[in-house]
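The block underneath contains the structure these notes are about, expressed in C-alpha cells.
Reckoned from all heavy atoms, side chains included, excluding hydrogens, waters and symmetry mates. Every chain is numbered from 1, with letters handed out A, B, ... down the list of sequences. As the structure is a computational prediction, the values presented were derived from the model and not from experiment.
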There are 2 protein chains.
Amino acid sequence: MPSLRDVAERAQVAVSTVSAALNGTRPVAAATKLRIEQAAAELGYRPNLLARGLQSKRTRILALLYPAPRGGFGLTEMQFATGAAEEARELGYHLLLSPENADPIEELRHLTGLGLVDGVLLMEVRLDDERVDFLTRAGVAFSMIGRTREPGPIDYADIDFAVTARDAVAHVAGLGHRKLAFFNHSTDAYAAQYGPAIRAGAELAGAAALAGIGYVDDFRPGSAEEGGRAFEALLSAHPDVTALAVMDDHVAVGVLAAVAARGWRVPRDLTLMLVLSSSRVAEMFRPRLTTMEPPSAELGRLGARLLIDRLEGRARSLGEGGPRQRLVPCRLVIGDSSGPPRRQVP
Amino acid sequence: MPSLRDVAERAQVAVSTVSAALNGTRPVAAATKLRIEQAAAELGYRPNLLARGLQSKRTRILALLYPAPRGGFGLTEMQFATGAAEEARELGYHLLLSPENADPIEELRHLTGLGLVDGVLLMEVRLDDERVDFLTRAGVAFSMIGRTREPGPIDYADIDFAVTARDAVAHVAGLGHRKLAFFNHSTDAYAAQYGPAIRAGAELAGAAALAGIGYVDDFRPGSAEEGGRAFEALLSAHPDVTALAVMDDHVAVGVLAAVAARGWRVPRDLTLMLVLSSSRVAEMFRPRLTTMEPPSAELGRLGARLLIDRLEGRARSLGEGGPRQRLVPCRLVIGDSSGPPRRQVP
DNA sequence: TTGAAAGCGCTAACAT
DNA sequence: ATGTTAGCGCTTTCAA
C-alpha cells in the first residue's frame with residue numbers, strides 16, 4: 001500500500017502538502033493540487049485510517065451495541081442494524097457490530113477504552129438503562145434506537161407510539177368498531193421494562209379513550225397456545241370486543257386457530273391486526289394480517305445520522321444544539337384481516 | 001485515557017518493558033511484571049488499538065461483506081452476522097458490518113486499502129463470484145459463508161447439502177412416501193447463481209434416486225399465489241406425489257391454501273416440509289411445518305473462526321495448512337406436517 | 001532482565 | 001503556497 005510519502009515523492013512535494021491537498025485542510029495551488037491528485041490516483045493511494053485516527057482522535061467508526069439476542073434476533077432488529085450500517089457508509093463511517101456479553105458495562109468500558117470508536121449506537125434500550133448512565137458519565141458520544149423513560153438531553157430515534165396508536169385506533173374505529181382489545185407482550189417483557197410494550201399499551205389506551213371507543217388490555221399471552229386461551233377468556237369477559245391488536249406474531253397464530261375453532265372467520269367475525277410486526281411477516285398469514293409496521297431500517301438510519309451529526313458538531317451549528325429526538329410512526333399496512341364489526345349475537 | 005507511558009511512569013520502568021510485560025513478548029521479571037500489572041489496573045489502562053495496529057499491521061478487525069439486501073434481509077442472514085460477531089468477540093476480534101453498494105469490487109478495494117481490516121468474511125457467495133477473484137488476487141485473507149462453484153483452496157463454511165438432502169429424503173421415505181416433489185427457489189434466484197438453490201435441487205435429486213423414491217422438481221413458484229397454482233399443476237402432472245418440500249416460506253403459504261381449497265389436510269393428504277427455513281418461521285404455520293433448519297449462526301461462527309485461524313497462522317500449523325472447509329447439515333425439526341402418505345385414490 | 005530509540009502513516013503547528 | 005518537524009501510542013530492534 002502506497003503511503004502519503006510515496007505520493008509526495010511522485011508529485012515532488014512535501015507530505016504535508018499532499019495531506020492538505022487531499023483533505024482541503026489548507027489552500028493549495030491548483031497546479032500542485034492537480035499533480036498530487038494525479039500521483040495519488042496513479043499509485044492507487046488510500047489514506048491509512050489507523051494512522052489518521054491515531055493522530056486526529058477520530059476514526060469514523062461507530063459501534064452498534066445490542067444485547068446478545070435472547071430469543072434470537074428478529075427481522076426488526078436486523079433492520080436497525082442494516083439501516084444504520086447503510087447510513088453510516090453513506091456518510092463515510094463504518095459500523096462495528098458489538099454483541100454484549102454478560103456484563104454490558106464492562107463491555108462498554110472496554111470498547112470505548114480502545115480508542116477505536118468515535119461513538120456508540122444503543123439498541124434495545126430499556127426504560128432504565130445503565131448503559132446510558134455509563135456513557136453519559138464517560139462523556140462518550142452516543143445515540144439510542146428507542147429511549148429511556150426520561151431521555152432528557154439524549155439523542156434518539158424511536159417509534160412514535162402516539163401517532164401509531166392513533167392511526168391504529170382510527171383504522172378500526174373507521175371500520176365501525178366500538179371496542180378494541182390489545183394483547184401486549186408477555187408479562188416477562190413487560191416486567192423487563194421493554195419500552196415498546198409499555199408505550200404501545202399506554203398510547204393505545206389513550207387513543208381509544210380519545211376516539212371514544214372501548215379498550216381492554218388485561219391479557220398478555222406469550223405463545224400461540226396462550227394466545228388462543230387468552231382470546232377465549234377475552235371474549236367471555238368482553239363479548240363486545242370486535243377488534244383485536246396483538247404485539248406478538250406467535251400469539252396471532254393462536255388467536256387465528258381459536259377463531260377457526262369456534263367457527264368464526266377473520267375478518268367477518270373479528271378484525272385482527274398486528275402491532276410492530278413487519279409486513280413480510282404479516283403477509284405470511286391467511287388471511288393476510290393488517291399490521292402497524294415499524295420503520296426499523298429508518299430508525300437505524302436515523303440513529304446513525306443523529307450520532308454522526310453530533311460527532312461532527314452539526315447538531316450544535318444548526319438550531320440550538322440541544323438533543324435531537326426523532327419519532328417515526330409505524331406504517332399501517334392493511335391486509336385482509338380488517339373489516340366491519342360482526343353483528344353482535346343478541 | 002492513560003497510555004503505555006503513564007503506566008511505565010507509575011511502575012517506574014521503560015515503556016518497552018510495559019509492552020513486553022502486558023503482551024508476553026519477552027521475559028519480564030516476575031516482580032516487575034507484577035508492578036506493571038498493578039499500575040495498569042490502577043490506571044485502568046487499555047491499549048490503543050489504532051496505535052497497535054499502525055505498528056503491527058494487525059487490527060483484529062474483520063469485515064462482514066453482504067450485498068445490500070434485495071428483498072430485505074431474512075432471519076437466516078441475520079444469524080450469520082450475529083454468529084460471526086459473537087465468535088469474533090470471543091476470539092478477541094471485532095466485526096465490521098459492510099453493506100455493499102452498487103460496485104462491490106470498488107467497495108472491497110476501498111475497504112481493504114484503508115488498512116483497517118485484517119480479513120474479510122464474504123456472505124451471499126454466488127457460484128461465480130467476482131469478489132473472490134479480487135480478494136485472491138489482492139492477497140487479502142478471507143473466508144466465505146457459502147461457496148463458489150469451485151472453491152479450490154479457499155476457506156469456507158457452508159451447508160452440507162448432501163447430508164441435508166439425505167436426511168430429508170430419509171424422513172419422508174421413512175414415513176412410507178414413494179414420491180417426493182421439491183419446489184425450488186424461483187427461476188430468478190436460480191438464474192442468479194444462487195448456490196443453495198442449485199445445490200439443494202441437485203442433492204435432493206441424488207438422494208431420492210439413491211433411496212429409490214420418485215422425485216420431481218419441475219416447478220419453481222416465487223410467491224404464495226404461484227405456489228398454490230404450482231401445487232395444482234404438480235398434482236395433475238404427478239398425482240402420485242405425496243410429499244412436498246419447499247424452499248420458500250411464502251410458497252408454503254400458498255400450498256397450504258391450495259391444500260385446504262381442495263378439501264385436503266396436512267399431513268393427512270400431504271406431507272409438507274420446509275427446506276432452509278428457520279424453525280421460528282416453521283412453527284408459525286398451522287399445522288407447524290417440518291423443516292430442515294439451516295445452521296445459520298453456526299455457519300457465521302465457523303466462517304469467522306476459519307478466517308481468524310488463517311490470520312493467526314493456525315491453519316498452517318495444524319494439519320498441512322491447506323484450506324479448511326466445513327460443511328454443516330441442516331437440522332431436521334419435525335413439526336405436525338409430516339405423516340404417512342395418503343391412500344391413493346384409485 | 002531492562003532501557004533507549006526508531007518508526008508505523010498521518011495531521012497540524014510552525015517556518016519559510 | 002509550501003516545507004519542516006513534532007508527535008499520536010504502540011511494537012520492536014538493538015544496546016546495556
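Residue A:Thr32 places no side-chain N or O under 4.0 Å from the OP1 or OP2 atom of D:dA1. Contact check, B:Ser19 against D:dT11: a side-chain N or O comes under 4.0 Å of OP1 or OP2.
The nearest heavy atom of DNA chain C to A:Met1 and to B:Ala14 marks one nucleotide each, and the one closer to the 5' end goes with B:Ala14. Each of B:Val13 and B:Ser56 has a nearest nucleotide on DNA chain C; the 5'-most of these lies closest to B:Val13.
Each end of the helix from C:dT1-D:dA16 to C:dT16-D:dA1 yields a helix axis from five base pairs, and these two axes differ in direction by 40° (to the nearest 10 degrees).
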Exercise. Go through the steps for A:Glu124 and A:Glu77 under the test side chain to side chain contact (heavy atoms under 4.5 Å, CB included), then give the verdict.
Key: CA-CA 9 Å; A:Glu124 305 278 298; A:Glu77 286 87 351; 3.6 Å; yes
Exercise. Test side chain to side chain contact (heavy atoms under 4.5 Å, CB included) on A:Arg52 and A:Leu4 and set out the steps.
Key: CA-CA 11 Å; A:Arg52 175 178 284 176; A:Leu4 255 199; over 6 Å; no
Self-check item: Evaluation steps, side chain to side chain contact (heavy atoms under 4.5 Å, CB included), between A:Leu49 and B:Leu116
Solution: CA-CA 6 Å; A:Leu49 279 199; B:Leu116 185 59; 3.8 Å; yes
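Rounded to an integer number of Å, the gap from CG of B:Leu54 to P of D:dC8 is 13 Å. What separates CG of A:Leu4 from P of D:dG3 is a distance of 13 Å, to the nearest Å. Rounded to an integer number of Å, the gap from B:Leu116 CG to C:dC8 C1' is 15 Å. Straight-line distance from the CZ atom of B:Arg5 to the C1' atom of D:dT11: 16 Å, rounded to whole Å. Atom CZ of B:Arg58 and atom P of C:dC8 are 19 Å apart (whole Å). In this entry the distance linking CD of A:Glu9 with P of C:dC10 reads 13 Å, nearest Å. One can place CD1 of A:Ile36 at 9 Å from C1' of D:dT2, the figure rounded to the nearest angstrom. When the P atom of D:dC10 is taken as reference, atom NZ of B:Lys57 falls 17 Å away, rounded to whole Å.
In this structure, the side chains of B:Tyr156 and B:Ser143 stay at 4.5 Å or more apart for every pair of heavy atoms. Proximity of B:Leu96 to A:Leu95: side-chain heavy atoms (C-beta onward) are nowhere separated by under 4.5 Å.
Proximity note for B:Tyr45 (side chain, C-beta onward) versus D:dC10, D:dT2, D:dT5: the nearest is D:dC10. The nucleotide whose nearest atom lies closest to any side-chain atom of A:Arg52 is, among C:dT11, D:dT11, D:dG9, C:dT11. Listed nucleotides: C:dG9, D:dG9, D:dG3. Nearest to the side chain of A:Thr17: D:dG3.
Applying the side chain to side chain donor-acceptor pair (under 3.5 Å) rule to B:Glu100 yields the partners B:Arg131; only residues at least two apart in sequence or on another chain are considered. Partners of A:Arg109 by side chain to side chain donor-acceptor pair (under 3.5 Å), not counting sequence neighbours, listed by chain and number: A:Glu106. By the side chain to side chain donor-acceptor pair (under 3.5 Å) test, B:Gln12 pairs with no residue at all, sequence neighbours left out. Every residue two or more places apart in sequence or in another chain was checked for a side chain to side chain donor-acceptor pair (under 3.5 Å) with A:Tyr45, and none qualifies.
Only B:Arg26, B:Pro27, B:Val28, B:Ala29, listed by number, bring a heavy atom of residues 21-30 of chain B to less than 4.0 angstrom from any atom of DNA chain C.
Within the nucleic acid shown, A:Ser16 comes within 4.0 Å of at least one base atom, counting heavy atoms only. Residue A:Ser3 is classed as a sugar-phosphate contact, given heavy-atom separations below 4.0 Å to backbone atoms only.
Within 6.0 Å of the CZ atom in A:Arg58, the count of heavy atoms belonging to other residues, nucleotides or ligands exceeds 12.
No hydrogens or angles were tested; on distance alone, a donor-acceptor pair under 3.5 Å links the side chain of B:Gln55 to the base of C:dG7.
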